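Just follow the structure's listing: the first ligand is 1, and inside any ligand the first atom is 1. Since this is a predicted model, take the numbers as computed values, not measurements.
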Amino acid sequence: MNGVLSGLSLSEIEKITDEMNASKFRAKQIHNWIYSKSVSSIDEMTDLAKDFREKLKEKYTVTEAKIKIKQVSSDGTIKYLIEYPDGECVETVLMRFDNRANLTACVSSQVGCAVNCSFCATGKRGFIRNLTSKEIIEQVLTIQRDTGLKVTNVVFMGQGEPLLNLDNVLKALEIFNTDFQIGARRITISTSGIIPKINELAKFELQSTLAISLHAPNHKLRAELMSIENNYSIEELKNALLNYIDKTGRRITVEYIMIKDFNDTFECAKELATYLKDIKCNVNLIPYNSVDQTKYKKSSGDNIMKFKYILEHSGKKVTVRLERGADIDAACGQLKGRK
Ligand code: SAH
Ligand code: SF4
């Protein structure tokens with residue numbers, strides 16, 4: 001069976017070169033080809049001797065992930081449907097923002113999602129399986145190989161609930177940090193609010209940003225959008241968030257999708273401001289992206305601005321998420337991950 005080099009740490013690659021009786025420097029070279037030069041085959045590692053490459057190829061390949069479909073949006077956003085050897089696929093999105101040099105990869109953590117929020121396309125599919133840490137890493141490498149560019153930021157906002165695959169997400173995070181040299185502060189993990197896992201994550205005292213999909217200011221409205229509210233209620237969530245902020249010292253991000261005439265009223269804004277009063281956070285308002293089979297509509301721009309103003313008045317920093325890639329269904333919550 002061939003092993004895959006992508007997703008291995010330097011010390012894991014050193015084990016391979018040790019077994020081949022090669023120097024540790026060879027491991028460094030291989031590591032560099034994979035993470036800095038983003039090659040897709042061993043043959044491209046031209047500073048390794050040909051016979052060494054042949055020997056390496058007997059047991060290893062660089063990658064097993066394939067680009068099934070690639071779509072480029074008019075705003076430059078690229079969406080990839082990536083296939084793994086078992087035939088399962090996930091979507092990964094590369095976003096660029098004109099005024100910044102950042103290249104942000106929006107990665108998936110699971111095939112499908114068990115949380116099944118009523119507004120989200122991913123949830124409609126149910127849960128298929130967790131991704132391994134290597135499969136998560138392969139998404140960023142696929143982007144780098146395809147574009148020849150270095151990803152600078154990673155957000156776990158693709159398909160799946162990252163905290164329900166925490167071990168693999170943490171392993172991937174470590175590799176992003178040490179092997180890709182993407183600073184922890186440039187990585188965001190978004191969760192629907194799995195309280196026990198937020199508590200577990202708090203113990204790691206990560207410098208990465210935790211984003212919480214709140215989406216409503218009270219139990220009743222939130223339960224309509226997210227059935228998870230019935231297991232982990234918004235009031236208990238507050239305690240978990242306060243504990244998280246206390247442990248990590250980090251400001252969190254609160255995500256709030258703006259749905260017309262549902263959660264975008266003046267009263268909702270006031271109630272949200274009260275809920276967030278003691279929580280050290282920035283707020284990210286997300287204009288709702290329409291998804292088939294749901295009745296929800298996007299709030300008007302005017303309403304979003306009023307809502308923003310009320311929250312700002314309460315002392316919060318508020319941003320409105322730029323809509324990226326809507327013309328290729330690459331926006332938040334539109335990822336289905338099907339061929
Ligand atoms: N499962 C995690 C991370 C993936 S979803 C989570 O739910 O947080 C990333 C973000 O997109 C979440 O805030 C999610 O609520 C939001 N989202 C899902 N469907 C959406 C839609 N149709 N329009 C806008 N945002 C959506
Ligand atoms: Fe899963 Fe997040 Fe979609 Fe909810 S919004 S179904 S948690 S991916």
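Ligand 1 has a nitrogen or oxygen under 3.5 angstrom from a nitrogen or oxygen of Glu255.
Under a 4.0 Å criterion applied to the non-hydrogen atoms of Gly160, ligand 1 contributes the atoms 1 (N), 2 (C), 3 (C), 4 (C). Of all atoms in ligand 2, listed by their number and element, those nearer than 4.0 Å to a heavy atom of Asn116 are 6 (S). Per-residue contacts place Gly160 under 4.0 angstrom from the following atoms of ligand 2 (heavy atoms of the residue considered): 8 (S). Within the listing of ligand 1, atoms 1 (N), 2 (C) sit less than 4.0 angstrom from a heavy atom of Glu161. Remark: ligand 1 atoms within the under-4.0 Å shell around heavy atoms of Cys120 are 18 (C), 19 (N). Interface of Val291 with ligand 1, defined as ligand atoms under 4.0 Å from a residue heavy atom, comprises 22 (N). Heavy-atom proximity to Ile257, at under 4.0 Å, picks out these atoms of ligand 1: 24 (C), 25 (N), 26 (C). Near Ser192, with a cut-off below 4.0 Å to any heavy atom, the atoms of ligand 2 are 7 (S). In summary, the atoms of ligand 2 found under 4.0 Å from a heavy atom of Cys113, numbered by their order in the structure, are 1 (Fe), 6 (S), 7 (S), 8 (S).
Contacts between Thr191 and ligand 1, counted as non-hydrogen atom pairs separated by less than 4.0 Å, involve the backbone only. Counting heavy atoms closer than 4.0 Å to ligand 1, residue His215 contributes side-chain atoms (C-beta onward) but none from N, CA, C or O. Under 4.0 Å from ligand 2, not a single heavy atom of Ile228 appears.
Here the shortest heavy-atom distance to atom 5 (S) of ligand 2, taken over Ser118, Ser213, Cys120, belongs to Cys120. Closest heavy-atom approach to atom 22 (N) of ligand 1 among the candidates Asn289, Asn284, Ile228: Asn289. Nearest to atom 17 (N) of ligand 1 by heavy atom, out of Tyr256, Phe119, Tyr288, Phe156, is Phe119.
In summary, Cys117 places no N/O/S atom under 2.8 Å from atom 1 (Fe) of ligand 2, failing the contact criterion.
Using 4.0 Å as the threshold, Ala211 has no heavy atom nearer than that to any atom of ligand 1.
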Lys134 and Glu64: salt bridge (charged side-chain N to carboxylate O under 4.0 Å, His left out), yes or no, with the steps?
CA-CA 10 Å; Lys134 282 181 147 193; Glu64 284 187 329; over 6 Å; no
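Taking the six-membered ring for Trp and thresholds of 30 and 60 degrees, His31 and Tyr35 have ring planes inclined between 30 and 60 degrees apart.
Between Ser118 and Tyr296, the side chains place a donor N or O and an acceptor N or O closer than 3.5 Å (distance only, hydrogens not considered). Counting only N and O atoms by type, the side chains of Asp302 and Ser300 include no donor and acceptor under 3.5 Å apart. Side-chain contact, Arg96 with Thr147: no donor N or O sits under 3.5 Å from an acceptor N or O. A donor-acceptor contact closer than 3.5 angstrom links the side chains of Asp75 and Ser73.
The only option from Ile82, Leu94, Ile78 that meets the side-chain contact (heavy atoms from CB on, under 4.5 Å) definition with Ile143 turns out to be Leu94. The side-chain contact (heavy atoms from CB on, under 4.5 Å) test with Val115 singles out one residue from Met226, Glu161, Gln110, and that residue is Glu161.
With ring centers used as reference points, Tyr256 lies under 6.0 Å from Phe307.
Within 6.0 Å of NZ in Lys150 there are more than 12 heavy atoms belonging to other residues, nucleotides or ligands.
Taking CD from Glu83 and CD from Glu88, the interatomic distance works out to 9.0 Å, rounded to the nearest 0.5 Å.
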